[in-house]
Amino acid sequence: MQRRMFAAWGAFVCRRKWWVLSLSGLLLLGAVGSLLRGGTLTTGSIEGIEADRAQALVEKALALPGDTSFTLVFHAADFTVGDPRFAAAVKSALAPVAAEPAVASVANPFEMAPLLAKRLVSSDGHRILALVSLKGDLLTAARAYPGLRAKVHAAPLDVVATGRVAFLHDLDVTLEHDLLLAEVISLPLALLVLLAVFGSLVAAALPIAVGGLSVLCGIGGVLLLSHVTDMAQYTVNITSLIGLGVAIDYSLFMVSRFRDELASGVSVDEAVVHAVETAGRSVAFSGLAVMVGLSGLLFYWGSYLATMGLAGALVVALAVLFALSFLPAVLSVLGRRIDAGR
């Protein structure tokens with residue numbers, strides 16, 4: 001029964017291959033549109049744990065939003081806070097920030113009572129702290145931070161930012177850079193491995209194409225979901241990691257079986273049908289098992305683990321979809337040219 005069902009699906013894709021390729025192209029355009037529109041990825045918080053409750057108590061007691069503030073450290077190597085240049089540079093640097101609507105308050109030792117100001121000045125007098133409190137929750141503060149940080153120019157002083165908002169911004173930038181670096185390295189290496197396996201440039205390129213399509217659509221889906229629910233920054237990394245791996249794996253099964261069927265002397269469409277009937281069935285049930293496993297993370301709702309499970313299951317579903325639709329359609333079009341570029 002299952003074999004007949006998958007064989008019927010393979011025959012349908014062969015008959016409607018141009019429709020299937022067109023729909024795949026529309027999905028790709030939709031993913032590109034989602035990427036261009038962007039989304040709001042959160043920092044991966046965990047709600048309801050003791051640390052979360054403790055942070056709320058601290059903020060209530062101090063009347064300061066700890067998670068929605070950042071600290072600027074101003075430093076002068078050649079003079080101390082007693083020099084008028086220090087105060088002038090700090091006030092000039094903080095004035096554009098204080099005027100922003102997203103800022104609730106700005107505190108620095110040059111505008112505070114002496115007893116409080118001493119706590120914000122280093123013992124050697126070469127450094128001071130300035131506290132910038134932002135309006136709204138952590139997500140709102142994280143959105144506003146990059147623009148505010150760019151407005152701080154403190155010459156001749158050096159200035160660095162610290163605090164949770166600043167740390168999370170730098171972490172997001174680092175993760176984005178590392179993700180791009182990983183893709184730049186992993187895709188050529190995967191192509192080399194597939195060339196060694198298939199001995200054909202066209203056959204080796206197909207799994208890479210399916211992997212890239214799955215990852216792009218997966219990331220596009222994550223960004224769309226970020227408009228209706230909190231999606232952690234790490235979901236993009238999970239989508240890329242899992243999506244590329246399973247898509248290449250599933251495509252390798254399909255292409256290998258297709259080439260074996262062609263070598264046995266059957267027609268191109270028969271080879272596609274047999275590949276979907278056999279390898280395609282394995283791909284479908286393997287993907288279903290992986291999705292069920294990743295969906296177990298949904299039980300951790302309120303944690304960024306849940307969104308990682310959601311993103312992982314989504315990209316696996318896309319990998320299975322493209323391996324059973326886009327790839328057979330391409331194989332039907334290529335036919336025996338699958339061995340081109342030996």
Novice: Check for me, please, whether V222 and L29 land in the same ILVMFWY cluster - side-chain distances under 4.5 Å, paths through other members count.
Specialist: no
Novice: Would you say that R37 contacts L224 through its side chain, given a criterion of any heavy-atom pair below 4.5 Å between the two side chains?
Specialist: yes
Novice: What class does the angle between the rings of F86 and F79 fall in, given that below 30° is parallel, 30 to 60° is tilted and above 60° is perpendicular?
Specialist: perpendicular
Novice: Using side chain to side chain contact (heavy atoms under 4.5 Å, CB included), reason through N108 and L120 one step at a time and then give a plain yes or no.
Specialist: CA-CA 8 Å; N108 73 82; L120 300 181; 6.0 Å; no
Novice: Side-chain heavy atoms nearer than 4.5 Å, only ILVMFWY residues, links allowed to pass through others: does that put V273 and V283 together?
Specialist: no
Novice: Out of V90, V73, L72, T80, which residue meets the side chain to side chain contact (heavy atoms under 4.5 Å, CB included) rule with I128?
Specialist: V90
Novice: With side chain to side chain contact (heavy atoms under 4.5 Å, CB included) as the test, pick out the partner of R257 among V276, T278, L252.
Specialist: T278
Novice: Hey, does the side chain of S332 reach the backbone of P328 with a donor-acceptor pair shorter than 3.5 angstrom?
Specialist: no
Novice: Salt bridge between K151 and E100, side-chain N to carboxylate O under 4.0 Å?
Specialist: yes
Novice: Do we get R149 above F70's six-membered ring, with its NZ or CZ under 6.0 Å from the centre and within 45° of the axis?
Specialist: no
Novice: Below 6.0 angstrom between ring centroids: does that apply to W9 and F6?
Specialist: no
Novice: Going from CG on D78 to CG on L157, what distance comes out if it is rounded to the nearest 0.5 angstrom?
Specialist: 10.5 Å
Novice: Say you draw a straight line from CG of L331 to OG of S251; how long is it, rounded to the nearest 0.5 Å?
Specialist: 9.0 Å
Novice: Run the side chain to side chain contact (heavy atoms under 4.5 Å, CB included) check on L305 and M308 step by step: do they pass?
Specialist: CA-CA 5 Å; L305 294 175; M308 291 171 67; 4.3 Å; yes
Novice: Can S69 and L131 be said to form a side chain to side chain contact (heavy atoms under 4.5 Å, CB included), step by step?
Specialist: CA-CA 7 Å; S69 62; L131 180 65; 3.9 Å; yes
Novice: Mind running side chain to side chain contact (heavy atoms under 4.5 Å, CB included) on H75 and H126 for me, showing each step along the way?
Specialist: CA-CA 6 Å; H75 169 251; H126 286 278; 4.1 Å; yes
Novice: Rounded to the nearest 0.5 Å, how far apart are CZ of R119 and CG of L129?
Specialist: 11.0 Å
Novice: For the atom pair SG (C14) and CG (D269), what is the distance rounded to the nearest 0.5 Å?
Specialist: 4.0 Å
Novice: Is a donor on one side and an acceptor on the other found under 3.5 Å between the side chain of Y250 and the backbone of G287?
Specialist: yes
Novice: Give me the ring orientation class for F322 and F326: parallel if the planes are under 30° apart, tilted from 30 to 60°, perpendicular past 60°.
Specialist: perpendicular
Novice: Should L241 and L35 be regarded as members of a common hydrophobic cluster, given that ILVMFWY residues are connected when their side-chain heavy atoms come within less than 4.5 Å of each other, either directly or indirectly?
Specialist: no
Novice: To check you understand the geometry: which heavy-atom pair defines the closest contact between V333 and K17, and what is its length?
Specialist: CG2-CD, 3.6 Å
Novice: State the CG-CZ distance between L324 and R281, to the nearest 0.5 angstrom.
Specialist: 12.5 Å
Novice: Nearest 0.5 Å, what's the CD1-OG distance between I248 and S214?
Specialist: 9.5 Å
